[in-house]
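First comes the structure, then the notes that go with it.
Below, chain A is the first sequence line, B the second, and so on; all start at residue 1.
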Protein chains: 2
Amino acid sequence: MQKATAEKSDPIAAQLAPVGRETVQDRVYSELRRALIGGLFEPSQVLTIRGLADALMTSTMPVREALGRLITEKALEALPNRSVRVPPITLERMDDLLRARILIEGEAIALAATRMTPHLISTIESMLSEWDEMRALKHKKDVDREVTLNQAFHFEIYRACGSAVLIPMIESLWLQSGPCIRVAIYAFSEAGEVDTAHYHRTIVKAMAAQNAREAREALVADISRPFVFLRNKLEADSKKGIPA
Amino acid sequence: MQKATAEKSDPIAAQLAPVGRETVQDRVYSELRRALIGGLFEPSQVLTIRGLADALMTSTMPVREALGRLITEKALEALPNRSVRVPPITLERMDDLLRARILIEGEAIALAATRMTPHLISTIESMLSEWDEMRALKHKKDVDREVTLNQAFHFEIYRACGSAVLIPMIESLWLQSGPCIRVAIYAFSEAGEVDTAHYHRTIVKAMAAQNAREAREALVADISRPFVFLRNKLEADSKKGIPA
DNA sequence: TCAATGCAAGTGTGATCACAAATCAAATAA
DNA sequence: TTATTTGATTTGTGATCACACTTGCATTGA
């Protein structure tokens, strides 16, 4: 493993930093988080501390702390062998996750709808056009960018709900459904174009009108899509697989 | 600090253990969890790694991992100084927590109501009588036992909802509202007797009838009580305090 | 040939060390 | 007396070491 000795401190740079410098474990945690939400890890893939430490150019210490944190929010799973893996996809778990997301994200967007400001509305409207830009040069399926844009759009709205309790729960739910979503988006691409931007436009319209009920319904339609799609795909696969 | 060197392994005892032995960090995590849900820490109290390690008779390592996990589920709070404390109580946060608990625990109990078995019903009915036993010898206010019993009753029901996603979220919410609840229960005791068992009986009746709507309403009444009580108390205190 | 045993590499866990930053106290200067 | 600075102590963070357990493969036995 590459040495990562603590370098001598630079007192000048130290005093320039505001108050809270970023720790290595925070960086590692963020990286793993991003990778999980983006679905960069396979479901059922096992992760090793030393392997991740090598990949992230650090020692094992920040990695084990980050893994522990991800395990408590169910983004990863601790096997009885003490090894850790990204949770496998099952139909029951997908239904469970979707139900929880409808419940909590639905509540968050309904709250947010009643608190919209003109500035916020123009912000999320401008995010719609970003979506169109990407479609313009869609010769390459940029799944990463698609995932990032989708996440930014949703959380820009959720932040407006003003609940310091609900938002971390939603982040945890995205973390848990990340691997499924990536699989679903790939399946989308194979099955032909599906207009995510259309669903987002419906959401923005409801938000601009401060109509909580319509916003919730539009959101439910948006987040249900990949789940029902993936569910159909998995059921079709098992029908093909089991009789064989 | 007390030495906690790894003792030599006992191969016989090792092979008797099923598969997953308990790690020290799991023990530490459980202890801190129990202490937080039970409200054994003061709000705004700062916790130090070495202090907890000494108290729990272990090294710093398991403690830091446990603290990191508790911080991610918002049971503790990381200050910019890198020190960690139990979050202070504010009116906004209490309202936020109560709203989330009504939303999620309400959904869980509604789900559970549709899945009740005779065995489960008799289990939670028997828990009611335990409550009466405690009341019989209430010469001593056993707040700890009260908290434990309340927790056991609620989670026995929540487990029946069958959602591996909702239950950890509820645990996180209890963890976050633990400090408030303890303060509220003390305030209850001062303000004279309040019959928790009565609310629980109403819940059990609705559950036995598999009436999801009534169960949800009874639950909301039960969990709202300490919050509205504490809210009134805090508002009264601030009215007395600020003009002075 | 196949199952069982034993060895070696890999992995997680806990303890300890090193270091920088924060905190607190006493001492000094205004 | 009050404000500032200096020094010692405390605390969090990251690296490294030691050890037990797991896993995989090769050797050995029937």
Side-chain angles (χ1 to χ4, degrees), chain A residues 1-32 45-72 76-85, chain B residues 1-32 45-72 76-85:
Chain A
M1 176 184 306
Q2 156 150 355
K3 282 285 184 65
T5 311
E7 62 236 19
K8 290 295 167 195
S9 74
D10 181 350
I12 297 172
Q15 98 184 47
L16 284 179
V19 240
R21 291 165 19 268
E22 182 177 80
T23 66
V24 178
Q25 90 175 36
D26 286 341
R27 181 180 67 86
V28 170
Y29 178 67
S30 302
E31 299 260 3
L32 293 179
Q45 178 180 353
V46 315
L47 305 176
T48 68
I49 294 179
R50 286 174 174 90
L52 290 174
D54 286 351
L56 295 169
M57 307 262 294
T58 176
S59 75
T60 63
M61 181 66 51
V63 175
R64 25 198 298 200
E65 312 216 335
L67 287 186
R69 293 167 72 175
L70 290 168
I71 288 171
T72 63
L76 295 175
E77 190 181 27
L79 300 177
N81 326 343
R82 301 214 187 295
S83 60
V84 17
R85 70 171 178 186
Chain B
M1 176 183 308
Q2 154 150 359
K3 281 288 185 62
T5 311
E7 63 237 17
K8 290 295 167 193
S9 73
D10 181 350
I12 298 172
Q15 98 184 44
L16 284 180
V19 241
R21 290 166 18 267
E22 182 177 79
T23 67
V24 178
Q25 89 175 31
D26 286 341
R27 181 180 67 86
V28 170
Y29 177 67
S30 301
E31 299 260 3
L32 294 178
Q45 179 180 352
V46 315
L47 305 176
T48 67
I49 293 180
R50 285 173 173 91
L52 290 174
D54 285 353
L56 295 169
M57 306 261 294
T58 175
S59 76
T60 63
M61 182 67 51
V63 175
R64 19 195 306 198
E65 312 216 336
L67 287 186
R69 293 166 72 175
L70 290 167
I71 288 171
T72 64
L76 295 175
E77 191 180 27
L79 300 176
N81 327 343
R82 301 215 185 296
S83 61
V84 17
R85 70 171 177 186

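- Residue A:Thr58 has a polar side-chain atom (N or O) positioned under 4.0 Å from OP1 or OP2 of D:dA15.
- Counting any heavy atom pair closer than 4.0 Å across all strands shown, B:Leu47 reaches sugar-phosphate atoms only and no base atom.
- Side-chain atoms of B:Ser30 come within 3.5 Å of backbone atoms of B:Asp26 as a donor-acceptor pair (strictly under, hydrogens ignored).
- Taking all atoms of both residues into account, the shortest heavy-atom contact from B:Val84 to B:Leu67 is CG1-CD1, 4.1 Å.
- The side chain of A:Thr23 has D:dG14 as its nearest neighbour among D:dG14, C:dG12, D:dG12.
- Of the candidate nucleotides D:dT16, D:dG12, D:dG14, D:dG12 has the atom nearest to the side chain of B:Thr48.
- Remark: P of D:dC17 and CE of B:Met61 are 14 Å apart, rounded to the nearest angstrom.
- Classification of B:Glu22 and B:Arg27 as a salt-bridged pair fails, no side-chain N sitting under 4.0 Å from a carboxylate O.
- In this structure, B:Asp26 atom CG and C:dG12 atom C1' are separated by 12 Å, rounded to whole Å.
- Which of D:dT23, C:dT13, C:dG14 sits closest to the side chain of A:Asn81 comes down to D:dT23.
- Considering only side-chain N and O atoms, B:Gln25 lies nowhere under 4.0 angstrom from the phosphate OP1 or OP2 of C:dT13.
- Under 3.5 Å, the side chain of A:Arg64 and the base of C:dG14 form at least one donor-acceptor pair of N or O atoms.
- Put simply, CG on B:Leu79 is 14 Å from P on D:dT11, counting in whole angstrom units.
- If you check distances only, the side chain of A:Arg50 does reach the base of C:dG12 with a donor-acceptor pair under 3.5 Å.
- Atom CZ of B:Arg82 and atom C1' of D:dG14 are 12 Å apart (whole Å).
- Residue A:Glu77 comes nearest to A:Ile71 through the heavy atom pair N-CG1, 4.5 Å, listed as atom of the first residue, atom of the second, then distance.
- With C:dT16, D:dA15, C:dT13 as the choices, the nucleotide that has an atom nearest any side-chain atom of A:Ser59 turns out to be D:dA15.
- Comparing C:dG14, D:dT13, C:dT13 against the side chain of A:Ile49 picks out C:dT13 as the nearest.
- Residues forming a side-chain contact (heavy atoms from CB on, under 4.5 Å) with A:Thr48 (at least two apart in sequence, or on another chain): none.
- In this entry the distance linking CD of A:Glu65 with P of C:dG14 reads 12 Å, nearest Å.
- Rounding to whole angstrom units, CG of residue A:Asp54 and C1' of C:dT11 are separated by 13 Å.
- One atom, CD of B:Glu22, and another, P of C:dT13, lie 13 Å apart when rounded to the nearest Å.
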